[in-house]
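Shown next, in structure tokens, is the structure this report addresses.
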Amino acid sequence: MGKILSVKPEYRNAIKDLIEYIKSKIEYVNSLSQDELLKLYEEYKDYVKTPTKAEKKSPLPPLPNAEIGKVVTRFAPNPDFVLHLGSLRPLIISYEYAKIYEGRFIVRFEDTDPRTKKPKLEYYKLILDDIRWLGIEPDEVYYQSDRLELYYNVARELIGRGYAYVCLCPSEEFSKLSKSGVACLHRGQSPSENMELFDKMLSGEFKEGEAVLRIKTDLSHPNPSVRDWPALRIIDTKRYPHPRVGVKYRVWPLYNFSCAIDDYYMGVTHVFRGVEHKVNEEKQRYIYKYLDWKEPTYIHHGRLAIPGGILSKSKILKGIREGLYKSVDDPKLATVPALRRRGFRPEALKNIILRVGISPSNAVIDFSLLASENRKIVDRLANRYFGVRNPFKVYFKRVSHIDLIKIRKHPDYPERGVRRFEFRDEYISLYIDFEDYSNIISRDPFRLIGIGNFILEEADKQVKIRYIDNDVKKAKKEGYKFIHWVPVDHSIKCIFIYPDTTYEGYSELNILDEKVDSVIQFERIGYFRIEDLGRNNINVVFAHD
RNA sequence: GCUCCGGUGGUCUAGCCCGGUCAAGGAUACCGGCCUCUCGAGCCGGUGGUCCCGGGUUCAAAUCCCGGCCGGAGCACCA
């Protein structure tokens, strides 16, 4: 409509009629059948915008400044912790866009602070492992700790051109000056003086904190942290050795310096990172400008939170020290190892992240959304079994036709076979869940799934139930409670691990057909991942209902 | 305090740049039906929104402009 008016402004006077006219046309088109629409489409094909391949392939919006085959993205974790739900946003989005645009995806470990954010060898491995588990195979993997010489070279280049200087001010001194927009006395040093001082930094003549290389920016920049921001500083690696390169280097780049250089040299075209990096875009812009490099496109997304889920690195580490959590994969946590351990599937996590997208606002992801996405995927994978968390024994006198009970492993996939239960003895003992006992004590009839309808006969020291009939239709119509059971002599001890508790109960023995790591459903209880399958007992970790 | 950025049903999100099939679409949650010897999945239907508030521009505003409120982020020799 706006289009029509801009082409034919004279219609402006008759706007009311125009609206009516368009409405009638729209109604007409909407009333057409598929075939008629197709015919119309053929006729006017050239006027219709067809979405490009990239637009069709994914729920993600088209990327600005992107061309098929030329997009390069990267995920840049600090190996001082494992991946968690929050890290998944830049990771999955970066990877997805690289894939959509048939470009490259890079993983780059940002391990340039051996002191306060000390990297750990185990985390490099765990992070890469989790990335691959998510079905993401990086085209290239880099370690910033291997690239120090490159950063030194760029530093020399900037010093030579007069865009950087070695500042000898104590940091409090500098920030005082910078707050009032005053240059420190090192700012005016000549390139050759700076070069000399920089060499001294490298050769170890300064101690930690005594010298820092700064990038000249704008001393009147509204954000004081942008004013002559620091690029390289000294870390006493004798005291804080780097886990990969030990004491080899003592001059280390700060985030903005190494990040800008690497993004450029690695040919990164699009950067996805959290909103907390917004100002860093401005800082890094100076490097690109001074060296006449082309800047990547930055997209800053909001943070992710999960109610009751703890994502903070420091809080988790503290919790582990205090014994609140057992380890980084404690099921209480929203870390990738924990989610993985609980049986969340990579596709589910991916779907969640794609749904949340690249919006700059923060998002609170309710656990039910995670559960629902995962349930959709896991439901068809998970075979069904009976398990009781709070075992309670009941017994009944067998009737002759109750001898071999077969129940499908999966109600929708008969080809997966059945679970078999053989009953031979005169009296049969079963474990049922104690919560279900209340339904029995009320003396209402109930149904043992797959066996038949029963009613309580006596509740003395032992609870005896009596078989009535095997009429499923009646059971449904009368609203009998359908309860699951585990035969005492066909059971295996099972530990049910929940985020805040564990149960020691039983599973039916047929679960031994499964493998460690498979996700199963205990009927009426929920989905679990099998963590341990021993001969005498098993462990399962709760995913969700 | 200063500087940025957000605000669409309970939650998440599409639409906002380029105002008009948007009296707002999808997902989740909730309710009901079908299916099912699970409280699952699937399919069908339903409840739920003053598009943060106020003003302005316009024939027309979720969309543009101004003001306010609320929320977030940054203000490290961390990433």
Side-chain angles (χ1 to χ4, degrees), chain A residues 1-6 12-16 18-19 22-23 25-27 29-30 59 61 76-78 80 110-113 115-117 167 169-171 174-175 179 208-214 221-226 229-235 252 254-256 258-259 273-280 282 300 302-303 307 313 351-352 354-357 359-373 375-380 382 384 386 407-408 410-412 447-453 470 472-473 475-476 480-484 521-527 545:
Chain A
M1 167 126 189
K3 174 84 182 160
I4 295 172
L5 285 176
S6 69
R12 243 167 236 284
N13 305 326
I15 191 126
K16 288 260 158 66
L18 219 205
I19 287 170
I22 292 176
K23 269 193 184 149
K25 280 287 173 205
I26 288 165
E27 248 165 64
V29 173
N30 284 346
N78 181 336
D80 68 339
E110 305 207 320
D111 53 350
T112 58
D113 181 7
R115 191 176 50 191
T116 52
K117 290 211 172 167
C167 174
C169 299
S171 71
F174 180 86
S175 69
K179 260 183 198 126
E208 263 187 30
E210 287 183 351
V212 62
L213 186 82
R214 294 189 177 279
H221 193 282
N223 186 339
S225 83
V226 177
W229 54 268
L232 291 142
R233 85 314 205 167
I234 293 164
I235 287 173
W252 288 86
L254 277 317
Y255 173 78
N256 283 295
S258 45
C259 177
R273 50 175 26 165
V275 283
E276 68 272 19
H277 285 294
K278 199 91 177 71
V279 274
N280 293 328
E282 274 183 77
H300 295 105
R303 298 182 149 216
K313 206 179 283 184
N351 290 346
I352 297 272
L354 293 186
R355 175 170 300 180
V356 174
S359 140
S361 44
N362 297 346
V364 180
I365 310 240
D366 199 88
F367 185 77
S368 68
L369 196 72
L370 269 174
S372 137
E373 282 300 338
R375 192 154 41 225
K376 279 180 201 160
I377 286 156
V378 119
D379 182 71
R380 62 194 155 78
R384 314 287 135 126
F386 288 154
I407 303 176
R408 279 185 190 171
H410 194 296
D412 306 331
R447 180 164 184 88
L448 292 176
I449 296 170
I451 304 181
N453 302 330
N470 193 15
V472 185
K473 283 208 174 69
K476 281 190 177 172
Y480 294 177
K481 197 81 179 171
F482 280 62
I483 71 178
H484 63 280
Q521 188 200 60
F522 279 126
E523 291 197 27
R524 304 209 301 139
I525 302 180
Y527 297 90
D545 297 333

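Note that the structure is a prediction, hence the values are computed from the model and not measured. Each chain gets a letter, A, B and so on, in the order the sequences are listed, and its residues count up from 1.
When the side-chain nitrogen and oxygen atoms of A:Lys473 are compared with OP1 and OP2 of B:rC37, none of them lie within a distance under 4.0 Å. Within the 4.0 Å cut-off from OP1 or OP2 of B:rA79, at least one side-chain nitrogen or oxygen of A:Thr112 is found. OP1 or OP2 of B:rA41 sits under 4.0 Å from a side-chain N or O of A:Arg375. Between A:Arg233 and B:rC78 there is a side-chain polar atom (N or O) within less than 4.0 angstrom of OP1 or OP2. The side chain of A:Ser368 contributes no N or O atom lying less than 4.0 Å from OP1 or OP2 of B:rU28.
In this structure, of B:rU11, B:rU28, B:rC78, it is B:rC78 that holds the atom nearest to the side chain of A:Lys117. In the set B:rC37, B:rG74, B:rC75, the nucleotide with an atom closest to the side chain of A:Pro224 is B:rC75. Taking only side-chain atoms of A:Asp113, from C-beta outward, the nucleotide of B:rC78, B:rG40, B:rU13 with the closest atom is B:rC78. Closest contact between the side chain of A:Thr116 and the listed nucleotides B:rU28, B:rC78, B:rC12 involves B:rC78. The side chain of A:Glu373 lies closest to B:rA27, out of B:rA27, B:rC37, B:rC4. Comparing B:rG42, B:rU38, B:rG6 against the side chain of A:Lys376 picks out B:rG42 as the nearest. Across B:rU38, B:rA79, B:rC75, the shortest atom-to-atom separation from the side chain of A:Ser225 is found for B:rC75. Checking B:rA79, B:rA27, B:rU38 against the side-chain heavy atoms of A:Leu369 singles out B:rA27 as nearest. When the nucleotides B:rC78, B:rU11, B:rA79 are ranked by their closest atom to the side chain of A:Arg115, B:rC78 comes out on top. The side chain of A:Tyr255 lies closest to B:rA79 when the candidates are B:rC4, B:rA79, B:rU13.
In this structure, the CG atom of A:Asn223 is 13 Å from the P atom of B:rC5, given to the nearest Å. Between the NE2 atom of A:His277 and the P atom of B:rC78 there is a distance of 15 Å, given to the nearest Å. Atom NE2 of A:His221 and atom C1' of B:rU3 are 9 Å apart (whole Å). Rounded to a whole Å, the CZ atom of A:Arg303 is 17 Å from the P atom of B:rG71. Taking atom CD1 of A:Ile365 as the reference point, atom P of B:rU28 lies 14 Å away to the nearest angstrom.
Within 4.0 Å (heavy atoms only), A:Ser171 reaches at least one base atom of the nucleic acid.
Using the Watson-Crick or G-U wobble rule with both distances under 3.5 Å, B:rC70 pairs with B:rG6. Using N1 to N3 plus N6-O4 or O6-N4 for Watson-Crick, or N1-O2 and O6-N3 for G-U wobble, each under 3.5 Å, B:rC75 pairs with B:rG1. Look at B:rC34: its Watson-Crick or wobble partner, with both distances under 3.5 angstrom, is B:rG42.
Side-chain atoms of A:Asn362 come within 3.5 Å of backbone atoms of A:Arg303 as a donor-acceptor pair (strictly under, hydrogens ignored).
Comparing the same atom, P, in B:rA62 and in B:rG54 gives a spacing of 13 Å after rounding to whole Å.
Two residues are said to be in side-chain contact when any heavy atoms from C-beta on lie closer than 4.5 Å; A:Arg447 and A:Lys481 fail this criterion. By the 4.5 Å heavy-atom criterion applied to side chains, A:Pro360 and A:Lys278 are not counted as neighbours.
Judged by distance alone, with hydrogens and angles left aside, A:Arg447 brings a side-chain donor or acceptor within reach of the base of B:rC37, the pair sitting under 3.5 Å. Put simply, the side chain of A:Asp412 and the base of B:rG40 share a donor and an acceptor less than 3.5 Å apart. Looking at A:Asp379, its side chain comes within 3.5 Å of the base of B:rG40 through a donor and an acceptor atom.
Distance NE2/A:His484 to CG/A:Leu448: 10.5 Å, rounded to 0.5 Å.
Mapping A:Val275 and A:Pro230 onto RNA chain B via the closest heavy atom, the residue that lands nearer the 5' end is A:Val275.
With salt bridges taken as basic N to acidic carboxylate O contacts below 4.0 Å, one links A:Asp113 and A:Arg233.
Remark: aromatic rings of A:His277 and A:Tyr255 are close, center separation under 6.0 Å.
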